[in-house]
Protein chains: 2
Amino acid sequence: MEAKIINPFLEAAVNVLTTMAMVDPTPGKAFVKKDFAAMGDISGIIGITGQAQGSMSISFSGPCILSIVGNLFGVPVGEINEEVRDAVGELTNMICGDARRRLEAENISLQAGTPTVVDGKNHTITHVNRGPRLAVPFETPSGGFVIEVAFNA
Amino acid sequence: MEAKIINPFLEAAVNVLTTMAMVDPTPGKAFVKKDFAAMGDISGIIGITGQAQGSMSISFSGPCILSIVGNLFGVPVGEINEEVRDAVGELTNMICGDARRRLEAENISLQAGTPTVVDGKNHTITHVNRGPRLAVPFETPSGGFVIEVAFNA
């Protein structure tokens, strides 16, 4: 059940970033330990309910998100501003929606809250939950991002 | 409907912090405008689904959360560490649970994801939603915190 819920979020993130932002992210070593805190310069966070309660976050380095949003907009973006924050919120929504559709096909029904975007140099994200938790760092030519998915057992 | 959903979260935050952490927060001027971004040194975020989809955050200044967690633990706490992050996650859960119980009494049923805690000096929190959004700053003798509640219409 655990991998069955978590893996679709990773697949969805790669799918959304590849198709929407034309980046080809390379996954790194996954972390399952509880004391890992994803670090980034901007993060999208969304809460999940339904057959499992949890949260998903995606944390980007500054250069990585500027490159991704530059691809999305078709023009270079020089700094993290309101448009970049909105784009991170939308990407978070799209990844969560894609994952939920994949899970529906497995008869697992999840609902999602609305996304929250955190903007702050080198912040860390800690998911507070009682069940499985997986963090996967990805690399792109412009820098890294980390996806983290956590659920109550 | 909007105030009916949002106000119980504010009442719950004051109730939880007053009874659990023995602080007596003073509310300041509420913000409803979309471009307000709450700022803090540590934040708890939780996603909400059910009759409305949304998110709630509570962002504390460093001195404020250290005083609150010191009251909770009964011993002074000198820095934001794992125990402080866990306490912020638990406070977020308790505030959301208290608010949901108040709303159940009004026949409004909401579900909650699991909390996520952001740790980073002077980060900002932006809620990405299509409906009402309210931010209320509070002051305590040890510093301030901001509660923000956002829902899709």
So how far is it from Thr114(A) OG1 to Ile48(B) CD1, rounded to the nearest 0.5 Å?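 So the gap between those two atoms works out to 8.0 Å.
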Stepwise side chain to side chain contact (heavy atoms under 4.5 Å, CB included) check, Ile125(B) with Thr116(A): CA-CA 7 Å; Ile125(B) 302 281; Thr116(A) 308; 3.3 Å; yes
Applying the 4.5 Å side-chain criterion to the ILVMFWY set and letting contacts propagate, would [X] and [Y] be lumped into a single cluster?
X: Met22(B); Y: Leu66(B); result: no
X: Val84(A); Y: Ile45(A); result: no
X: Leu134(B); Y: Met39(B); result: no

Is it true that atom CD of Glu83(B) has more than 12 heavy atoms of other residues, nucleotides or ligands lying nearer than 6.0 Å?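 Counting neighbours around CD of Glu83(B), 12 or fewer heavy atoms of other residues, nucleotides or ligands fall under 6.0 Å, so no.
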Using side chain to side chain contact (heavy atoms under 4.5 Å, CB included) as the criterion, point out the one residue from Val118(A), Ile42(A), Asp41(A) that pairs with His123(B).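 For His123(B), the side chain to side chain contact (heavy atoms under 4.5 Å, CB included) check succeeds only for Val118(A).
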Can Val128(B) and Val117(A) be said to form a side chain to side chain contact (heavy atoms under 4.5 Å, CB included), step by step? CA-CA 7 Å; Val128(B) 181; Val117(A) 176; 3.7 Å; yes
Among Ser55(B), Gly89(B), Gly120(B), Gly47(B), which residue forms the greatest number of heavy-atom pairs with chain A at distances under 4.5 Å?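 Looking at each of Ser55(B), Gly89(B), Gly120(B), Gly47(B) in turn, Ser55(B) comes out on top.
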Heavy-atom pairs under 4.5 Å with chain A, option from His127(B), Arg130(B), Glu90(B), Arg85(B) with the top count: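 Most pairs with chain A among the choices: His127(B).
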Proximity breakdown for Ala112(A) and chain B, heavy-atom pairs closer than 4.5 Å: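 Contact with chain B involves the backbone of Ala112(A) alone.
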